[in-house]
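Worksheet for the structure shown next.
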Amino acid sequence: MLQQILRDMFIDPDLLAELDEEQKQILFCKMREEQIRRWKEREEKLEKEEKEGKVFKKPNKKDGRKVGFLNGKDGQPWTWVMGEHPNDRSVDQTLEEEVQNKAKSVVERETAAGLRKLNIASTVSTVSSSEVPKVSSQPESERQSKSNQPSRVSQPERQQRQESSAPLRKNLNPSAMSCVASAKEKRASEILASPKAEKQSSIEEAEKQTQKMHNFWVEQERKAKQEEEKQRLLAKTVREDHRKSMRKLRTESQIIGTFVVGGHVVFGSKPAPGTKSPLGRPLRPSCRDDVTKWFRETELPKGSGLDAKTKKLADYFHGMISRERAEALLEDQPNGSFLIRLSDKIWGYGLSRKGENKAVKHYLIDVSPNGYSFFGTNQPVYSSLAEFVTNYQAKSICLMETLLLQHPCPHDPEGKKECEDLIRPNSSDCEVLCL
């Protein structure tokens with residue numbers, strides 16, 4: 001692997017990330033040595049070709065400069081990795097020194113500018129005081145004649161004026177110089193305090209943001225756990241209600257495979273021949289004709305399967321069809337489509353609904369003297385099948401998710417004819433009379 005890396009002079013970033021610091025330094029030195037070796041080979045080849053006249057020799061630079069490497073004790077190019085030596089300064093120390101140097105240079109410039117202003121002001125005041133015109137008692141004619149003559153200033157007077165306009169810095173006494181030095185130190189400390197304050201402020205702001213994000217995620221985790229616990233309790237409540245509904249059989253329409261014989265509940269066995277419910281009919285229908293007869297005699301007079309307004313066949317009612325046919329009818333329908341069919345297992349109905357995942361779920365509707373409701377305890381009871389459907393078109397049929405009865409499943413031609421024959425009163429008697 002190392003030979004391939006040195007040959008290609010490339011290492012994959014993922015592989016480099018898996019190496020520790022010592023391995024990275026070794027790899028860096030090896031790659032550097034390989035670069036120098038290749039460079040030397042190329043230089044020797046060029047010199048050989050130049051001697052043989054195959055390659056045009058490049059002219060030397062005018063200033064004679066060239067690139068060279070500093071060699072160590074071993075004769076190889078010397079390499080220094082910052083931070084390895086004990087005397088190496090850290091990055092923070094280097095940055096702090098740089099800030100101090102900048103502050104000193106700013107203070108020096110401000111001090112020099114202040115002294116120049118002070119020096120100029122002193123010079124102007126000295127010159128102004130020396131050039132104040134004096135009132136002379138001589139006549140005007142004599143003054144004009146003297147002014148026309150060239151001015152003659154003596155050498156001592158000129159030297160005195162030059163000394164008076166000398167820089168103020170030379171005339172400062174030691175106490176003034178110490179005041180200037182203390183002012184410079186004070187100003188430098190003020191300049192240094194500003195970056196330190198900004199750095200401390202940024203650190204505090206970063207710590208506040210970190211703490212804020214930590215508190216936010218802690219609160220999110222707490223809410224998630226609280227919601228999870230709520231869902232767990234809800235699921236537990238639903239399971240307990242289901243167990244209670246399975247244990248407590250409150251009507252003559254019982255779950256398939258459960259029968260009442262002689263006042264005792266018997267699971268997994270058929271009722272004895274001739275056993276009837278308190279309503280005077282068998283505990284479960286024996287054939288499809290029994291279901292048809294029960295529907296025409298008991299349910300049709302109550303308006304079950306009919307539209308509440310038109311008193312015609314309801315869009316959702318599909319009569320006596322099987323689970324498989326119900327699933328086939330709902331297969332191409334949108335999510336939320338439903339139909340109600342007669343059940344050949346119990347004295348009641350079956351509700352088939354297409355869910356969000358395109359799966360069809362089936363529910364049993366219990367018909368009791370009190371009304372229509374789903375199987376289970378504490379289920380709302382409605383006076384008619386139409387009221388039952390209307391309610392669950394606006395209210396979910398499940399606590400865990402939103403399941404509404406949205407779209408009645410349309411009839412196919414054959415199924416519609418069968419349903420119309422089913423809801424036609426005394427259709428069998430009419431056929432006999434026609435014959």
Side-chain angles (χ1 to χ4, degrees), residues 231 234-235 237-239 241-242 245-246 251 253-257 284-285 288 291 295 299 302-310 312-368 370-416 418-420 422-423:
Q231 294 293 334
L234 182 60
T237 304
V238 171
R239 288 194 300 269
D241 290 343
H242 179 68
S245 65
M246 294 294 290
T251 62
S253 300
Q254 305 299 337
I255 299 176
I256 306 300
R284 54 177 296 183
R288 296 169 62 93
V291 177
F295 174 77
E299 294 297 304
K302 294 190 293 186
S304 299
L306 302 178
D307 187 271
K309 297 180 179 179
T310 62
K312 294 182 179 180
L313 178 65
D315 296 337
Y316 55 81
F317 185 69
H318 284 251
M320 180 71 68
I321 62 174
S322 62
R323 289 169 59 101
E324 292 75 13
R325 187 174 176 185
E327 293 175 356
L329 290 173
L330 291 170
E331 183 177 1
D332 298 331
Q333 301 302 318
N335 295 338
S337 299
F338 72 99
L339 61 85
I340 291 180
R341 53 189 174 82
L342 286 170
S343 175
D344 58 353
K345 306 293 185 183
I346 62 170
W347 303 109
Y349 299 90
L351 170 64
S352 302
R353 181 189 180 277
K354 187 175 182 180
E356 302 300 331
N357 56 353
K358 298 183 179 181
V360 178
K361 294 184 178 180
H362 304 275
Y363 307 88
L364 289 177
I365 301 176
D366 177 28
V367 180
S368 64
N370 297 327
Y372 300 79
S373 64
F374 284 115
F375 273 111
T377 58
N378 300 325
Q379 295 292 338
V381 181
Y382 301 94
S383 59
S384 66
L385 186 62
E387 184 183 356
F388 177 90
V389 174
T390 303
N391 176 78
Y392 286 109
Q393 285 180 333
K395 175 184 175 183
S396 176
I397 64 178
C398 181
L399 295 176
M400 302 299 294
E401 53 182 329
T402 304
L403 300 177
L404 302 177
L405 305 182
Q406 298 174 338
H407 313 290
C409 180
H411 299 84
D412 58 351
E414 182 181 358
K416 187 173 183 180
E418 293 178 357
C419 290
E420 289 177 348
L422 180 64
I423 65 173

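Model, not experiment: these values are computed from the prediction.
Side-chain contact between Arg353 and Val360 is absent, with no heavy-atom pair separated by less than 4.5 Å. Within the 4.5 Å cutoff, the side chain of Phe295 has no heavy atoms near those of the Trp347 side chain. Residues Arg341 and Arg323 are in side-chain contact: their nearest non-hydrogen atoms beyond the backbone lie under 4.5 Å apart. Within the 4.5 Å cutoff, the side chain of Leu313 has no heavy atoms near those of the Asp307 side chain. Within the 4.5 Å cutoff, the side chain of Pro410 has no heavy atoms near those of the Lys416 side chain. At least one side-chain heavy atom of Leu339 sits less than 4.5 Å from a side-chain heavy atom of Ile321. Contact of the Val389 side chain with the Glu387 side chain is not registered, since no non-hydrogen atoms from C-beta on lie closer than 4.5 Å.
To the nearest 0.5 Å, atom CE of residue Met320 and atom CG of residue Leu342 are 5.0 Å apart. Ile423 CD1 to Leu306 CG: the interatomic distance, rounded to the nearest 0.5 Å, is 5.5 Å. Taking CG of Asp332 as the start and SG of Cys409 as the end, the distance is 9.5 Å to the nearest 0.5 Å. We find the NZ-CD1 distance between Lys361 and Ile397 to be 8.5 Å, quoted to the nearest 0.5 Å.
In plain terms, the two heavy atoms of Leu385 and Gly305 that are nearest each other are CD2-N, 4.0 Å. Looking at every heavy atom in both residues, Ser396 comes nearest to Leu403 through OG-N, 2.9 Å. The two atoms that bring Phe374 and Leu351 nearest to each other are CZ-CD2, 3.8 Å, heavy atoms only. Nearest heavy atom pair, residue Gly355 against residue Asn335, reads O-OD1, 3.0 Å. When all heavy atoms of Lys354 and Leu330 are compared, the pair lying nearest together is CD-O, 3.2 Å. Minimum heavy-atom separation, Gly371 to Val381: CA-CG1, 3.6 Å.
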Requested in this report: Starting from the C-alpha separation in whole Å, work towards a yes-or-no answer on side-chain contact (heavy atoms from CB on, under 4.5 Å) for Gln333 and Phe338.
Outcome: CA-CA 9 Å; Gln333 301 302 318; Phe338 72 99; over 6 Å; no
Report task. Kindly determine whether Phe317 and Ser304 satisfy side-chain contact (heavy atoms from CB on, under 4.5 Å), including the steps that lead there. Result -> CA-CA 9 Å; Phe317 185 69; Ser304 299; over 6 Å; no
**Report entry** Derivation and outcome, side-chain contact (heavy atoms from CB on, under 4.5 Å), residues Tyr392 and Leu404
**Finding:** CA-CA 6 Å; Tyr392 286 109; Leu404 302 177; over 6 Å; no
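Around NZ of Lys302, the count of heavy atoms belonging to other residues, nucleotides or ligands within 6.0 Å exceeds 12.
Looking only at distances, no side-chain donor or acceptor of Ser337 sits under 3.5 Å from a matching main-chain atom of Pro408. For His411 (side chain) and Cys419 (main-chain N/O), no donor-acceptor pair under 3.5 Å exists by modelled atom type.
Aromatic ring pairs are classed by plane angle as parallel below 30°, tilted from 30° to 60° and perpendicular above 60°; the pair Tyr382 and Phe388 is perpendicular.
Side chain to side chain, Glu327 and His362 meet the donor-acceptor criterion of an N or O pair below 3.5 Å. No side-chain donor-acceptor contact under 3.5 Å links Gln379 and Tyr372.
One finds a salt bridge joining Arg325 and Asp412 here, because a Lys/Arg side-chain nitrogen approaches an Asp/Glu carboxylate oxygen to under 4.0 Å.
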